[in-house]
Amino acid sequence: ISIISKDPSKTPEGKIFAGAGSFGMREFGARYSGPISDRLGFDLSGSYREDNGWLTNVVTGNKLDARRDILVRGKLAYDADPLRIEAFLN
């Protein structure tokens, strides 16, 4: 399996999102990407998602399969043609 992530942007850019859905689902996140110098750039993103679960234990009435996820991802890229160095944080 090969996962290819987006390269850092040459100009500053960002995105913020939020959502809600069934079973108490809520999510929030943000991403920012941009240059640090002519040859060094970064991309940083994070998100939070939770829900109450969609199964119910018929004996106890408790919800099952509830989730809470916190994700952080970063990428640092250095370009000095022909050398390219990338560092990742997941």
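Residues take their numbers from the sequence shown, with the count starting at 1. Computed from a predicted structure; not experimentally measured.
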**Q** Measure the CD-CZ distance between E50 and R68 for me, rounded to the nearest 0.5 Å.
**A**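 Spacing of CD (E50) from CZ (R68) equals 5.0 Å.
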**Q** Working to the nearest 0.5 angstrom, can you tell me the gap between S45 OG and K15 NZ?
**A**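 The OG atom of S45 sits 9.5 Å away from the NZ atom of K15.
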**Q** Atom OH in Y78, atom CZ in R39: separation rounded to 0.5 Å?
**A**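 Result: 5.0 Å between the selected atoms.
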**Q** Give the minimum heavy-atom separation between T56 and G61, together with the two atoms involved.
**A**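 Nearest pair, atom of T56 first, then G61: CG2-O, 3.6 Å.
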**Q** Check for me, please, whether L89 and I36 land in the same ILVMFWY cluster - side-chain distances under 4.5 Å, paths through other members count.
**A**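 As far as the 4.5 Å side-chain criterion goes, I36 and L89 are not connected within one cluster.
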**Q** Side-chain heavy atoms under 4.5 angstrom apart, residues restricted to Ile, Leu, Val, Met, Phe, Trp, Tyr: same cluster for V72 and F88?
**A**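 Not linked; separate clusters.
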**Q** Is there a path from I85 to L44 through hydrophobic residues (I, L, V, M, F, W, Y) whose side chains come within less than 4.5 Å of each other?
**A**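 Shared cluster, yes.
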**Q** Rounded to the nearest 0.5 Å, what's the gap from CZ on F28 to CD1 on I16? Could you check?
**A**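 Result: 12.0 Å between the selected atoms.
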**Q** Counting heavy atoms not belonging to N90, are there more than 12 under 6.0 Å from its CG?
**A**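 It does: N90 CG has more than 12 such atoms within range.
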**Q** Are D7 and R84 close enough, and set up right, to give a salt bridge (charged side-chain N to carboxylate O under 4.0 Å, His left out), and what steps lead you there?
**A** CA-CA 12 Å; D7 284 336; R84 179 171 175 89; 3.0 Å; yes
**Q** Please find the pair of heavy atoms, one from S47 and one from F17, that lie closest to each other, and give the distance.
**A**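 Heavy atoms only, the tightest pair is CB-CZ, 4.2 Å.
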**Q** Just by distance, do the side chain of R26 and the backbone of G24 share a donor-acceptor pair under 3.5 Å?
**A**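 Yes, because the side chain of R26 sits within donor-acceptor range (under 3.5 Å) of the backbone of G24.
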**Q** For P12, is there any backbone N or O sitting under 3.5 Å from a side-chain donor or acceptor partner on S9?
**A**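 No; judged by distance alone, with no hydrogens or angles, the pair does not exist.
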**Q** Does the side chain of I70 reach to within under 4.5 Å of the side chain of R49, using non-hydrogen atoms?
**A**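 I70 vs R49: side chains apart.
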**Q** Which heavy atom in D51 sits nearest to a heavy atom in M25, and how many Å separate them?
**A**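 Shortest heavy-atom contact: CB-CA, 3.8 Å.
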**Q** Any chance you could measure Y48, atom OH, to L71, atom CG, to the nearest 0.5 Å?
**A**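 Output value for this atom pair is 11.5 Å.
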**Q** Taking the side chain as C-beta and beyond, is there a heavy-atom pair between P8 and K75 under 4.5 Å?
**A**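 Side-chain contact under 4.5 Å: yes.
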**Q** Distance check, rounded to the nearest 0.5 Å: N52 atom CG versus S22 atom OG?
**A**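 The distance works out to 11.0 Å.
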**Q** Between Y32 and F42, how do the two ring planes meet: parallel, tilted or perpendicular, split at 30° and 60°?
**A**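 The arrangement is tilted - the two ring planes meet at 30° to 60°.
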**Q** Before accepting this row, confirm whether a basic side-chain N of the pair K6/E86 lies closer than 4.0 Å to the acidic partner's carboxylate O.
**A**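 Answer for the salt bridge query: no.
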